[in-house]
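Note on naming: letters A, B, ... go to the chains in the order of the sequence lines (proteins, then strands), and numbering restarts at 1 for each one. Just so it is clear, the values below take in all heavy atoms, side chains as well, and ignore hydrogens, waters and symmetry mates. Just so it is clear, the model here is predicted, and its values are computed rather than measured.
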There are 2 protein chains.
Amino acid sequence: MKHWDEVRTAYHVARFGTVSAAAEALGVHHSTVIRHIDALEAHLGLKLFQRHARGYTPTEAGSEVLRVAQATEDQMNQLESRLRGGGDELKGEIVITSLQEVSHFITPILAKFRAAHPDVQIRYMITERLFRLEFGEAHVAIRAGEAGQDPDNVIQPFFQMQMGLFASQTYVDRYGDGIDPDGLLSDHLFVCNADEALPAPHYMWIRENVPPEQIVFSSTDGQTLIQAVQEGIGCGFVERGQAQDLGLVEVTLQNQDWRVPLSLVTHVDLHRTPKVQAILKFLKDACKQM
Amino acid sequence: MKHWDEVRTAYHVARFGTVSAAAEALGVHHSTVIRHIDALEAHLGLKLFQRHARGYTPTEAGSEVLRVAQATEDQMNQLESRLRGGGDELKGEIVITSLQEVSHFITPILAKFRAAHPDVQIRYMITERLFRLEFGEAHVAIRAGEAGQDPDNVIQPFFQMQMGLFASQTYVDRYGDGIDPDGLLSDHLFVCNADEALPAPHYMWIRENVPPEQIVFSSTDGQTLIQAVQEGIGCGFVERGQAQDLGLVEVTLQNQDWRVPLSLVTHVDLHRTPKVQAILKFLKDACKQM
DNA sequence: GATTATATGTGCGATTATGCACATAACGGG
DNA sequence: CCCGTTATGTGCATAATCGCACATATAATC
C-alpha cells in the first residue's frame, strides 16, 4: 500500500462525513479531496464511500480505513511531539463516548484533563447508539451492562453508576413517593426511553414490570426524558447526582438498588497509545478518589 | 504532522541505509527521496539522518521515525490485504533477529511459516549485536540471558537452548574428551568469542575459569568459531543439535549443564499486529512439540 | 595511485497534482 | 414554490513535483 497521504485524506473524509469539511480541515481544495478518494478507490478496486448528495458515507471498507488511519494519526502526532523536543506532551483529538446519564460526572474530569494537556482537543460524543470502536469512531467508550465479547476490545471496570427512580416535587405531592407501605406500581406513572433495544437494566425493569398504559411519556433523547420528569409527567430513572442537582425527589417503589456497572472500553490498536493511556489513567484516578 | 508519504520515504531510507536503495524499493528517483528527506527535516526543524558519503545513517530522531513508520507500514499492508477480500492473509516483511547459535533451529520453522504465508518476506538477521526493537529494527528478537528491563518490550519465555562444549574427533584423539576422572581445564585448549561483553553464561564461564593463554583462538563471528572447532584448534561451545549435525564430539569438563533460557521479545507497538502475533504463535507452537 | 563502483547532490524540462471558477443536485424554510 | 444553503463533480490554467542527465565525492580494488 503506497499513497499514505491519500489514506490520510480518506481518514478525514470518514471522520467528518463530507468532502468539504475534510478539505477545510486538511487545508486543501475540496476537488483535491475528491480526486484523492477516487485515486485510492481505483487503486484498491473497491468503493470506500457511498456518494450521497449530502456527503460521503463510509462503507464497511471505508470504516476499516478510518480505524487504521486514526491509529496512525495518533502515532504521527505523538511522534512529532517527541521529535520537537516537546517530551511526551499529548496533542491532537481524543474522542470519548458514553451514555447521557454519566455525562455530568465525566465532563468535569475531562475539563481537568484538558487543563493538564493544553494541546488536546476533546470530542465527547453523547449518544445512545453504541459507537463502534473497531471502526475508529472513538478512542474510549464508557459502556453499561455486559461488555461485548469482541476480542479486539480492551475492557476494564470503571465505576458503578447510581441510578434511582426520581420524580418532581409536584408529582410526589400528588402520587406519593412510594415510601409508604406497599407502594404499588399501579399508583404511578412512568417516563421511559422509547428505544426498546437498550440493554440498561433499569429500562429493562420498566419494560418487564410496568404495564404499557402507565408509561405515559417516552423519548429517544435522555435530556428530554429528564425534562419530562422535571415537568411532573411521571417518574423516571435518573442518575443520583444529577437528580440531586435538579432538585428531584426519589421514589422508592421496591428495595432494589439500580447500580449499573460501567466499563471503560478501548480498541486494542489504540489502547497502547500514550493518549489513550493518559485519559484512561485520568478517568480511573478520578473514580478512585470518590 | 502532515506529509505521511514523506515519512514513508524516510522509513525506507532508514531501513536500507542509503537513498539509492530506498529509491529503488519505492520505485522513484533517488532525487525524489533526497527532496522528501530535506522537506521533512525542514518541516520538523531537525536532522533525521547523518549524511555520509556511503549513505544515510539515522539519527536518534530518525530512528524514532523508523519505529513509528514500521508499525504504520504493517498496519497499511494488513489493511490492504483485508480490503482486497483476501481475508486476513499476512503480507509484507517480517524481521527476526537472533544469535547465530539458534539459527539452525529457527530457520526450518521460518521456512514452514513462509510456506503457510506466501505473501510474507522473512528477513532473518543473525547478529551478536542486540537489535534495538524500540527503533523498529526488528519485529521479533530472540534473546538469551536476562531480558532487558525496557517497559516497551513484551517478553515471553521461548525455550532452553542446549549448549555443550564440543570438539572435533582429531582434537579428542589428542587431548581427550574430559570424561576420564578429573578432566582438568589445564589439559585443554579453547575457542571463544572475541567479544568480551557478551552476556551468554557459557562465554562468561570461559572468561572466568580458563586462563587466557589457553584461549588459543577467538573471533567475533560465530560461524568462524565453529569452523575453528571443526578444524581441531580447540574445544568450544556449540549448540547440541548443530554439533551433532557437524559430527563434533562432546567434551565433558564439568558436570554443568549449559542450558540457556531464550526469550521472545517484541516491541509493544508491534506486538499486537497480526503479523507479529502469527509468527510468535508459530514459533511457540514449534517449540512446544519438541 | 589510477580506476571502478557506489554514493550524494543539483539544474532543467516534462509530468503530475492542485486550486479556482463554474456547473449541478438535493434539502430546508418562509 | 422559489430561493438560499450546502453539498458533489469537472475543465482549465497554474504551481508543485518528479525524473533525467550530469556533477561530485568517497571507499574499495587491482
Checklist entry - Heavy atoms under 4.0 Å, any strand shown: does A/Thr32 hit a base, just sugar-phosphate, or nothing? => result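 Answer is sugar-phosphate: A/Thr32 comes under 4.0 Å of backbone atoms only.
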
Next on the checklist: Regarding A/Ser31, tell me which of base, sugar-phosphate or nothing describes its non-hydrogen contacts under 4.0 Å with the strands shown.
Outcome noted: base

[X] [atom1] - [N] [atom2] separation (whole Å):
X	N	atom1	atom2	answer
A/Glu6	C/dA17	CD	C1'	11 Å
B/Arg51	D/dT24	CZ	C1'	16 Å
A/Arg54	D/dG9	CZ	P	14 Å
B/His52	C/dT6	NE2	P	17 Å
B/His29	D/dA16	NE2	P	22 Å
B/Lys2	D/dA16	NZ	C1'	16 Å
B/Ile34	C/dT8	CD1	P	6 Å
B/His36	C/dG9	NE2	P	16 Å

Checklist entry - Counting only distance, no hydrogens or angles, is the base of C/dG9 paired donor-acceptor with the side chain of B/Arg35 under 3.5 Å? => result no

Item to check | side-chain contact (heavy atoms from CB on, under 4.5 Å) partners for A/Val19, two or more places apart | outcome: A/His30, A/Val33, A/Ile34, A/Tyr56

Next on the checklist: So that I can tick it off, tell me whether A/Glu93 and A/Lys275 are bridged by a salt bridge, with the cut-off set at under 4.0 angstrom between side-chain N and carboxylate O.
Outcome noted: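 Here A/Lys275 does not pair with A/Glu93 in a salt bridge, since their nearest N and O are not under 4.0 Å apart.
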
Checklist entry - Would you call A/Arg51 and A/Glu41 a salt bridge, using N to O less than 4.0 angstrom? => result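 Yes, this pair counts.
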
Checklist entry - Is the distance from OP1 or OP2 of C/dG9 to the nearest side-chain N or O of B/Tyr56 less than 4.0 Å? => result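 Answer yes for this pair, as a side-chain N or O of B/Tyr56 is under 4.0 Å from OP1 or OP2.
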
Next on the checklist: Applying ring-ring contact (aromatic ring centres under 6.0 Å, His included), can you list everything that pairs with A/His43, at least two apart in sequence or on another chain?
Outcome noted: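 With neighbours one apart ignored, the set is A/His3.
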
